[in-house]
Amino acid sequence: MRCMNKFGCDIRDYPGDIIVGDLIVIIPGTMLIEPAGPCLVLEADNEKGIYEIMYTRNNYVIGCGRFEIERVISESR
């Protein structure tokens, strides 16, 4: 799904599945505290599109949605 928000940002749902252990990049400006680097996926619910992630720069744990994920940079195997 794609749409424009009130700030003119292109919002879309990440199209693939995310699994525990993936390293992901968050779309800048979508989180209250910017991650400033990759995030590690701790829990993943692809059906609901919600994830628990940890910022690798400071071990801060937070939830995020599918629309906040820019891309997967390293997949867990």
Side-chain angles (χ1 to χ4, degrees):
M1 180 176 102
R2 294 188 98 106
C3 65
M4 298 297 280
N5 69 11
K6 66 181 179 178
F7 302 109
C9 297
D10 188 14
I11 302 297
R12 54 113 180 108
D13 284 350
Y14 182 77
D17 281 346
I18 305 294
I19 59 173
V20 172
D22 283 353
L23 282 176
I24 60 173
V25 174
I26 300 298
I27 298 170
T30 59
M31 302 295 280
L32 185 58
I33 300 171
E34 291 294 329
C39 298
L40 178 65
V41 177
L42 302 176
E43 293 183 22
D45 187 335
N46 287 297
E47 286 185 26
K48 293 180 181 175
I50 56 173
Y51 309 92
E52 183 175 87
I53 61 172
M54 180 179 71
Y55 293 4
T56 56
R57 72 178 172 114
N58 61 3
N59 297 337
Y60 181 71
V61 176
I62 192 168
C64 78
R66 181 177 292 280
F67 65 93
E68 295 162 323
I69 299 171
E70 183 174 334
R71 67 184 193 277
V72 174
I73 57 173
S74 179
E75 294 180 347
S76 176
R77 295 187 185 237

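Positions are given from 1, in the same order as the sequence printed here.
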Taken to the nearest 0.5 Å, the spacing of Ile33 CD1 from Ile26 CD1 works out to 13.0 Å
Scanning both residues in full, the closest heavy-atom pair of Asp17 with Asp22 reads O-OD2, 4.4 Å
Correct closest heavy-atom pair for Ala44 and Val20 would be N-CG2, 4.0 Å
For Ile50, the other hydrophobic cluster members (4.5 Å side-chain criterion, sorted by chain and number) are none
Rounded to the nearest 0.5 Å, the CD1 atom of Ile18 sits from the CG atom of Leu23 at a distance of 11.0 Å
Output for pair (Ile62 CD1, Met54 CE), nearest 0.5 Å, gives 13.5 Å
request  = Using the rule that two of Ile, Leu, Val, Met, Phe, Trp, Tyr join whenever any of their side-chain heavy atoms come within less than 4.5 Å, decide whether Tyr14 and Leu42 are in one cluster.
outcome  = no
For Cys39 and Tyr55, the nearest pair of non-hydrogen atoms, with its separation, is SG-CD1, 3.6 Å
| task | Quick one: do Glu52 and Val61 satisfy side-chain contact (heavy atoms from CB on, under 4.5 Å)? Show the steps, please. | result | CA-CA 7 Å; Glu52 183 175 87; Val61 176; 3.6 Å; yes
Sorted by chain and number, sequence neighbours left out, side chain to side chain donor-acceptor pair (under 3.5 Å) with Asn46 holds for Tyr51, Arg66
All heavy atoms of Val41 vs all of Glu43, minimum pair found to be CG1-O, 3.6 Å
With a 3.5 Å cut-off and sequence neighbours excluded, list the donor-acceptor pairs that the side chains of residues 67-74 form with protein atoms.
residue, atom, partner, partner atom, Å
Glu68, OE1, Gly65, N, 2.6

All heavy atoms of Cys64 vs all of Met31, minimum pair found to be CB-CE, 4.0 Å
Smallest heavy-atom separation, Leu40 atom then Gly21 atom, equals CD1-O, 3.5 Å
